[in-house]
Amino acid sequence: MSTALSHRRPPGQRAVPLLALGALVASSLVLAAPPAQAAETLLSQGRPATASSQEGAGYAPSAAVDGNLTGTRWASQWSDPQWFQVDLGQRSDLSRVVLTWEGAYGKGYQIQASDDGTDWRTLRTVTGGDGGTDEITVSGSGRYVRMLGTERSGGYGYSLWEFQVYGSTDGTPPVQGAVKVTGSPGDWRLTVGGQPYTVKGLTWGPAIADAPKYMPDVKSMGVNTIRTWGTDGGTKPLLDSAAAHGIKVVNGFWLQPGGGPGSGGCVNYVTDTTYKNNMLTEFAKWVETYRSHPATLMWNVGNESVLGLQNCYSGAELEAQRNAYTGFVNDVAKRIHSIDPDHPVTSTDAWTGAWPYYKRNAPDLDLYSMNSYGDICGVQEDWEKGGYTKPYIITEGGPAGEWEVPDDANGVPDEPTDVQKAEGYSHAWDCVTGHRGVALGATLFHYGVEHDFGGIWFNLVPDGLKRLSYYSVKRAYTGTAGTDNTPPVISDMTVSPASSAPAGGEFTVRADVRDPDGDAITYKIFLSGNYANGDKRLVEAKWRSTGNGTFAVTAPEKLGVWKVYIQAEDGRGNAGIETKSVKVVAPPVTGTNVALNKPTTASSFQPSYGDCPCEPAKATDGRSDTRWASDWSDPQWIQVDLGSATPIRQLQLVWDPAYAKSYDVQVSDNGTSWRTVHTTTAGNGDIDTIDVAATARHVRLHLTARGTGWGYSLHEFGVYS
């Protein structure tokens, strides 16, 4: 799944869908080494080392981490700047760095740390160094530690007999070894290296390049596992970052038609041997590549495809395809096991009705996986009724989704509140842990940072801001949120008028907002056009505070149902976000619409495209859900016969997205001779309300320049007297 909220469920089955410490001026750093504390360990010896340069073949970077203090050394070229770095293999808490210089030493340099080898934090800055042995106390953490030389002591380069980094690993060392599903029916367990392992996970949303930025936060939540949907050549940096923080990865493989990103397309699993052979080859390549990676926990083949096949087939053919698909999943499982016997294979769906197909056709799966939200406890019930002989994990879970909630008064899904969402995550984890010996854990949805329609519904950290749901998951996995500062809580949000906000006018939003920690609150108001025009982005609204948690918000000009969001931030990285719908309607026009249901003609109309036929009369029928649409060319016209000479004082044009950029409003007494009463060359669509002072029988729009590549399209052509 993705935050696009793409699920649709069949009836009758469970839908389961640094710190920079400042400059240290050191005239001499030749210090007697104090005894290391008990928890301190030499982390750098024998680890991979690299450098900006080396003086020759005999002075490789590895020579400075080989433990030989007087016999081997690294030496750089004779210029500034230069650097030397060591990869500790995983993120570690750092306490000391000891540099044993040869005669060519660094007079000025920085000790830096990084989680990814790219973004560096300066832990200490040294000026006035005088060689010998520099023992430097540091405070910080990282996987990579670097000496960045900025000033040499003489004409030579930089040369180190040894570069030693001391500290401790970040938390308990990651458990390594073969991953197995062990035990017997009703008493299964997942083990890693022979040790019990409960999946306490999240689905992964940020860009792989940002893994070093977010992985420490994921680790702090008590998470030991992340789930991905696709595995390829770009996956390694994510695996590396996860391993550096002691986190395992459920490596996913896409199969069509899946759910969420990358899903598209309908494959014929009965006949398309080329697709199946290509996928077998592709998956085998990446299993071979990553089977020995310390982050790999298991392989997950496909996502929601048994359910998704209903979008491609029906009847007997659908049954044949579902059987063929799950049979192919079994072929993939056998191939993976032949390459990698040390990691289990699973397959995810979002419908417990998929499990009979897996039971019948995929005996080589080690366990099942299920995406489930509002009805997650029903997974246990269905598992027990089905008599299944495999354990399972929940690969997506959380609060009720768009497809599971009732519609509000405006006919769109009524999104749960922040408080309800937080409770949804707690409930989900209780359902998982309540199915003892069968449910082996979960990767809840979703550690995502998108600040859009779906991101607000599900993401724990949209735009990097922590929600109530974030702390709910943290409590579930660690047993406590400790002394964390938590987000503002929003309640009793209302919108008025909720079903008749005038386009371009103001409507009122009100809510009660409190911060549990007494922090000062700042507000933002956003709008989403997801239900109005399919745009899932959140755009900041034009709004003003009117006091006491009340805001005057300017409505969009586009008609339809919009979502309005209050975002309350506490200045400490937390946010409460609440949302309601608002229906935007055409601004009221006083007087009588004299064009209503009057004879209407046009230069052309679309007879059969999309929702058409779109005859001219549909622009004067008084309905916002019908439209006139012209051919895709310039110029075009539409005109209405009012029946007799009629005083006209205002027009209201309600455009479909295919609008006019330039047009004339013309009137006529006989339908032949026209006079222009209004001209614009800056039309922007949505709604145009035009003042006119004329008396005429006929009113015409002469349309001369389209605003899009389509034709012209009007929902309403209102003429008011």
| Under-4.0 Å salt bridge between Lys285 and Glu288 | no
| task | Let me see the working for Thr100 and Thr133 under side chain to side chain contact (heavy atoms under 4.5 Å, CB included), right down to the final yes or no. | result | CA-CA 5 Å; Thr100 304; Thr133 299; 4.2 Å; yes
| request: Mind listing the closest non-hydrogen atom pair of Asp515 and Pro487 along with its distance? | output: OD1-C, 4.0 Å
| message | Nearest 0.5 Å, please: how far is CZ in Arg227 from OG1 in Thr395? | response | 4.0 Å
| task | Could you list the residues that satisfy side chain to side chain contact (heavy atoms under 4.5 Å, CB included) with Ser426, not counting sequence neighbours? | result | Ser472
| request: Please name all residues satisfying salt bridge (Lys or Arg N to Asp or Glu O under 4.0 Å) with Lys236, sequence neighbours left out, ordered by chain then number. | output: Asp240
| message | Which residues pass the side chain to side chain donor-acceptor pair (under 3.5 Å) test with Lys421, not counting sequence neighbours? | response | Glu415
| said: Can you list everything that forms a side chain to side chain donor-acceptor pair (under 3.5 Å) with Tyr447? Sequence neighbours excluded, please. | reply: Asp217
| Would Asn300 and Thr348 count as having a side-chain donor-acceptor pair, cut-off 3.5 Å? | yes
| field | For Leu538 against Phe453, the heavy-atom pair lying closest together | value | CD1-N, 3.4 Å
| note | Residues at least two apart in sequence or cross-chain that pass salt bridge (Lys or Arg N to Asp or Glu O under 4.0 Å) with Arg152, listed by chain then number, are Asp80
| message | The criterion is salt bridge (Lys or Arg N to Asp or Glu O under 4.0 Å); which residues satisfy it with Lys213, sequence neighbours excluded? | response | none
| query | Hey, are Asn530 and Lys536 close enough side-chain-wise for a donor-acceptor pair under 3.5 Å? | reply | yes
| said: Under 3.5 Å, is there a donor on one side chain and an acceptor on the other for Thr127 and Tyr109? | reply: no
| request: State which residues pass side chain to side chain donor-acceptor pair (under 3.5 Å) with Gln112; sequence neighbours excluded, sorted by chain then number. | output: Gln110, Thr122, Arg146
| field | Straight-line distance of Leu69 CG to Trp161 CH2, nearest 0.5 Å | value | 10.0 Å
| message | Are Tyr158 and Phe84 an aromatic pair, judged by ring center distance below 6.0 Å? | response | no
| said: Holding to side chain to side chain contact (heavy atoms under 4.5 Å, CB included), I want the full list of residues that pass it with Thr235, two or more places apart in sequence or in another chain. | reply: Thr231, Asp232, Leu239, Asn251, Tyr290
| task | Calculate, to the nearest 0.5 Å, the distance between atoms CZ and CG belonging to Phe283 and Leu255 respectively. | result | 4.0 Å
| task | Identify the two heavy atoms, one from Pro516 and one from Pro488, that lie closest to each other, and give their separation to 0.1 Å. | result | CD-CA, 4.2 Å
| query | Have Tyr105 and Asp134 got a donor and an acceptor in their side chains that come within less than 3.5 Å? | reply | no
| field | Partners passing side chain to side chain contact (heavy atoms under 4.5 Å, CB included) against Ser545 (at least two apart in sequence or in another chain) | value | Trp543, Phe551
| query | Any Lys/Arg nitrogen of Glu540 or Lys524 sitting under 4.0 Å from an Asp/Glu carboxylate oxygen of the other? | reply | no
| If you measure from the Lys or Arg side-chain nitrogens to the Asp or Glu carboxylate oxygens, is any gap between Asp570 and Arg572 under 4.0 Å? | no
| query | Which residues satisfy the salt bridge (Lys or Arg N to Asp or Glu O under 4.0 Å) test with Asp340, sequence neighbours excluded? | reply | none
| request: Looking only at non-hydrogen atoms, find the nearest pair between Gly89 and Arg47 and report the distance. | output: CA-NH2, 3.1 Å
| request: Before accepting this row, confirm whether a basic side-chain N of the pair Asp115/Arg91 lies closer than 4.0 Å to the acidic partner's carboxylate O. | output: yes
| said: Tell me the closest heavy-atom pair linking Ala113 and Ser141, and the distance in Å. | reply: CB-O, 3.6 Å
| task | Go through the side-chain N and O atoms of Ser159 and Arg73 and say whether any donor and acceptor fall under 3.5 Å apart. | result | yes
| remark: Between Trp299 and Trp286, the two heavy atoms sitting closest are CH2-O, 3.9 Å
| query | How would you list, by chain and number, every residue that makes a side chain to side chain contact (heavy atoms under 4.5 Å, CB included) with Ile208, sequence neighbours excluded? | reply | Pro237, Leu238
| task | Look at Arg291 together with Asp342 and state whether they make a salt bridge at an N to O cut-off of under 4.0 Å. | result | no
| Is His446 close to Thr203 at the side-chain level, that is, under 4.5 Å between some pair of heavy atoms? | yes
| message | When you compare the side chains of Thr346 and Ser369, does any donor N or O come within less than 3.5 Å of an acceptor on the partner? | response | yes
| Got a sec, which residues hit side chain to side chain donor-acceptor pair (under 3.5 Å) with Ser79, two or more places apart in sequence or on another chain? | Gln82
| request: Using distance alone, with no hydrogens and no angle criterion, decide if Asn459 and Glu450 have a side-chain donor and acceptor under 3.5 Å apart. | output: yes
| request: Given ring pair (Phe, Tyr, Trp, His ring centres under 6.0 Å), test Trp74 with Tyr59 step by step and report yes or no. | output: CA-CA 4 Å; Trp74 162 71; Tyr59 304 102; over 10 Å; no
